[in-house]
Amino acid sequence: MADPAETLLRGLNPPQREAVQCVDGPLLIVAGPGSGKTRVITHRIAYLNRKVGVSPGRIAAVTFTNRAAREMRSRLGALLGDGAGRLTAGTFHALCAMILRRDGEAIGVPNDYVIMDDEDQMSLVKQAMEQTSVDSKRFPARAILSAISRAKSQLLGPDALAAQSDGFYDEVVHRVFAAYQAALARSHAVDFDDLLGKTVELFRRDHAALGRWQERFIHFMVDEFQDTNTAQYELARQIAGRHRNLAVVGDPDQSIYSWRNADIRNILSFQKDYPEARVVRLSQNYRSTETILQAAQRLIRGNSQRIEQDLFTENARGVRIRLVEAYTEEEEAQEVAREALRLTREDGVALRDCVVAYRVNAQSRAIEEACLRYGLRYKLIGGVRFYQRREVKDLIAYLRLLQDPYDEVSLTRVVNVPVRGIGKRTVDELVAWARSLDVPAYTALQLLADQDDYPSPFDARQKRRLTDFLALLNELSALKPTMEAPQFIDETLERSGYRRALLESDDPDAEDRLDNLREFRGLSAEFAGEPASEALPRLLERVALVADQDAIEENEEQYLTLITLHQIKGLEYRVVFITGMEDGLLPHSRSLDDPDQLEEERRIAYVGMTRARERLYLCRALRRRMFGAMGAGLPSRFLKDVPPDLIEKPDRSGRRSEREAARVFRAPAAAANGAGGAPPPFRAGEKVTHPAFGLGVVVNCASRPGDYEVTVAFAGNQGVKRLLHSYGKLERAGA
């Protein structure tokens with residue numbers, strides 16, 4: 001009978017086998033794009049269990065997105081069976097959340113703490129700025145919050161930041177930082193940076209707790225190590241400090257998150273920090289064609305901050321890279337849309353296998369319009385996320401407040417939602433009064449309710465409305481131990497009046513908002529079988545840790561994906577279009593005078609190119625509207641790094657050849673001109689249907705070269721769309 005451990009090595013190339021079998025001491029795995037690093041990580045964990053005898057419960061593997069963590073757990077489930085359930089595999093933030101729930105009270109973090117998301121943090125920063133008399137017009141709140149986050153990622157608190165401050169701006173940040181942290185403490189809350197920083201603080205101050213976690217995780221693995229910041233690296237060093245079994249996997253050529261405070265020096269200096277570390281290079285690419293890989297390698301060799309390795313592939317050479325040049329960004333987007341349609345119709349490529357990637361979110365506008373014009377269904381990654389929609393945020397705020405009544409951000413959000421006569425002025429007075437008493441706002445409400453003669457700034461009507469809200473919270477809190485999470489959510493929506501307010505609302509989106517609330521309730525069913533008092537902390541923690549990329553599902557319907565180059569990391573597609581290959585966009589204008597930032601821009605382009613398996617399109621516009629003004633766009637300097645023999649060049653006009661253009665527009669020409677001046681396909685006022693947008697009414701049908709443009713007002717929240725007849729898939733209603 002074959003050794004189960006040996007079966008784990010089958011199908012691995014020699015460097016992959018070496019990485020899997022290296023089980024003692026520090027290990028650096030330099031994994032090029034498409035080199036099978038997730039397979040190596042999961043097989044190494046399984047090897048530690050089956051060959052070395054390490055219990056899964058004593059292994060931790062951390063990564064940076066919930067999506068990557070889910071994939072890791074899924075693969076480990078196939079390799080380890082039931083044993084995978086004892087393994088700790090998740091994000092850094094999820095790991096720290098677990099540690100703080102158990103041991104955080106040693107440093108003053110209550111085990112029922114709540115996690116503030118970005119919107120909540122902005123609210124607290126604005127409050128802190130008002131409290132410290134900082135002018136928001138002179139000092140934008142977003143910039144202040146970024147400075148606070150940067151300090152926390154470097155393990156600097158308000159006092160430590162003040163000690164190394166350099167100038168008036170740092171002094172302003174310090175003042176707001178101190179007030180912001182005080183507000184978090186009053187709310188029994190932490191932000192995302194605190195999850196990391198306070199865990200590091202816990203381990204520095206409580207050696208017994210550190211020892212327990214060091215003994216629990218005798219093997220610690222970090223994926224995407226090039227994306228770690230100072231706090232994450234320190235955390236990994238702390239946990240691995242006793243056994244030194246720290247295995248890190250990453251690629252400095254794919255370090256693109258300095259704006260999130262990632263520090264490329266962590267991976268570049270790993271061998272200095274761990275001189276005894278073994279280094280294994282995974283250089284075989286299993287994803288891309290030889291042409292795409294060669295082009296990407298030539299591009300990235302222009303950087304100096306990297307670990308040199310020669311990537312290779314045994315895949316076919318494939319087709320050449322297509323350079324698409326258009327006159328304007330609108331024409332660039334239309335070229336992309338037409339080519340995506342051609343690929344689906346002529347080359348058998350599914351639409352979900354195509355992606356359009358761009359440097360900044362604003363570029364999606366022209367692409368979205370082109371998709372609507374050609375009737376292409378699309379999915380925008382990074383738009384308004386489910387958990388950021390107003391009604392979902394309101395419900396989450398109620399649940400957070402019912403978990404932790406001292407959560408001031410949640411209290412001020414829902415105290416008058418739905419409207420119950422408690423205006424902003426009353427809310428501001430409540431917060432100010434609570435601060436004057438040096439108590440949380442919830443405690444101030446209790447004082448109002450319990451002591452009739454307690455002096456307050458509220459008249460009898462305001463006082464009654466505030467105490468009625470407190471009574472609502474108390475009623476709902478009393479129900480937590482008596483019902484499961486789905487039923488508790490129903491009760492919260494009913495007793496708060498939120499569901500009734502939506503049902504009686506004139507808002508045309510009210511039904512969609514109710515559907516979103518139903519969707520959230522469905523998510524809570526995962527915690528059925530236990531009281532809401534126990535389920536809520538884990539449900540809210542899960543919600544807080546969800547990221548944009550988690551919206552991408554493997555079994556996606558037929559959508560063209562639109563996504564930024566930062567968000568595309570970790571994904572792959574048969575066909576990749578990179579738009580905006582112009583100096584000022586890629587590389588971004590902010591990087592042109594900074595060598596380090598310019599190198600990161602090159603890495604961003606490299607990441608985008610290496611997402612492609614079969615076809616890669618590099619697109620640019622000769623003129624583009626930037627910041628409201630139209631200007632000429634110079635070709636991206638990165639295009640010069642791609643060998644000319646790997647590129648299929650456009651003709652001198654910057655457009656497709658006449659033969660190709662004729663093929664693409666064959667259907668429109670036949671529809672519009674083939675019948676010898678046939679009448680327009682639709683009349684204004686006719687009812688039509690569309691497979692994506694549903695029922696609509698034709699507003700206008702105008703002649704266009706070789707086609708007709710049909711303007712349709714669709715029902716519901718779909719709005720008015722302009723579609724080309726030959727691509728629009730419009731049919732008469734009832735036909």
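A quick note: this is a predicted structure, and the numbers were derived from the prediction, not measured. Hydrogens, waters and symmetry mates are skipped; everything else that's a heavy atom, side chains included, is used.
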Evaluation steps, side chain to side chain contact (heavy atoms under 4.5 Å, CB included), between N49 and V54: CA-CA 5 Å; N49 173 237; V54 180; 5.7 Å; no
Donor-acceptor contact present, side-chain R44 to main-chain A247, <3.5 Å: no
S636 side chain to L586 backbone, donor-acceptor under 3.5 Å: yes
Main-chain N/O of A612 paired with R287 side-chain donor or acceptor, under 3.5 Å: no
Short side-chain to backbone donor-acceptor contact, D193 and S153, under 3.5 Å: no
Rounded distance (nearest 0.5 Å) linking atom NE2 of H43 with atom CD of Q21: 13.0 Å
Note, V190 side chain near K198 side chain (heavy atom, < 4.5 Å): yes
More than 12 heavy atoms from other groups under 6.0 Å of CZ on R538: yes
I307 vs L268 side-chain heavy atoms within contact, under 4.5 Å: yes
Closest non-hydrogen atom pair, G608 against L565: CA-CD2, 3.7 Å
Heavy-atom donor-acceptor pair, S149 side chain to L145 backbone, under 3.5 Å: no
R73: partners by side-chain hydrogen bond (donor to acceptor under 3.5 Å, both in side chains), with sequence neighbours left out: none
Atom CD of E314 with >12 non-hydrogen neighbours under 6.0 angstrom: no
Row check, F577 ring normal vs R615 NZ/CZ: under 6.0 Å, within 45°: no
Atom CZ of R298: over 12 foreign heavy atoms under 6.0 Å: no
Pairwise distance CZ(F638) to CE(M581) - rounded to 0.5 angstrom: 7.5 Å
Any donor-acceptor pair under 3.5 Å from H588 side chain to R590 backbone: yes
Side-chain donor/acceptor of R212 to backbone N/O of H207, under 3.5 Å: no
Reported CZ-to-CD1 distance for the pair R244 and I218, which is rounded to 0.5 angstrom: 15.5 Å
Pair listing, side-chain hydrogen bond (donor to acceptor under 3.5 Å, both in side chains) test, anchored in residues 229-240, at least two apart: Y233-D273
Atom CZ of R242: over 12 foreign heavy atoms under 6.0 Å: yes
Qualifying ring pair (Phe, Tyr, Trp, His ring centres under 6.0 Å) pairs, either residue in residues 272-291, two or more places apart: F270-Y274
Atom CG of D645 with >12 non-hydrogen neighbours under 6.0 angstrom: yes
Student check: side-chain heavy atoms of N303 and R603 closer than 4.5 Å: yes
Gap between atom CD of Q597 and atom CD1 of I604 - 0.5 Å precision: 8.5 Å
Backbone N/O of V607 and side chain of R611: donor-acceptor pair under 3.5 Å: yes
Please list, one pair per line, the donor and acceptor atoms closer than 3.5 Å that link side chains of residues 27-36 to other protein atoms, with sequence neighbours excluded.
unit_1 : atom_1 : unit_2 : atom_2 : d
S35    : OG     : G32    : N      : 3.4
S35    : OG     : G32    : O      : 2.6

Whether R306 side chain and P252 backbone form a donor-acceptor pair below 3.5 Å: no
Closest heavy-atom pair and its distance - Q226, G250: OE1-CA, 3.1 Å
Non-hydrogen side-chain atoms of R359 and H566 separated by less than 4.5 Å: yes
Sub-4.5 Å side-chain heavy-atom contact between I381 and T561: yes
Partner residues of T88 under the side-chain hydrogen bond (donor to acceptor under 3.5 Å, both in side chains) criterion, sequence neighbours left out: R216
Stepwise salt bridge (Lys or Arg N to Asp or Glu O under 4.0 Å) test for R613 and E572: CA-CA 7 Å; R613 296 202 300 265; E572 60 179 66; 3.3 Å; yes
Main-chain N/O of D596 paired with D594 side-chain donor or acceptor, under 3.5 Å: yes
Contacts of E290 that satisfy side-chain hydrogen bond (donor to acceptor under 3.5 Å, both in side chains) - sequence neighbours left out: Q294
Heavy-atom check, side chain of L235 versus side chain of T199, under 4.5 Å: yes
Cation-pi, Y257 ring and R260 (6.0 angstrom, 45 degrees): yes
Salt bridge R281-D310, side-chain N to carboxylate O under 4.0 Å: no
Distance (rounded to the nearest 0.5 Å) between I300 CD1 and Q254 CD: 9.0 Å
Residue pair E224 / K569, side-chain heavy-atom distance below 4.5 Å: yes
CG on L195 to CG on L100, rounded to 0.5 Å: 6.5 Å
Test of ring centre spacing under 6.0 Å for H188 and Y113: no
Within-4.5 Å side-chain heavy-atom neighbours: F217 and I59: no
Residue that, paired with D641, satisfies side chain to side chain donor-acceptor pair (under 3.5 Å) out of R602, R301, Q297: R602
Charged N-O contact under 4.0 Å between R204 and E201: no
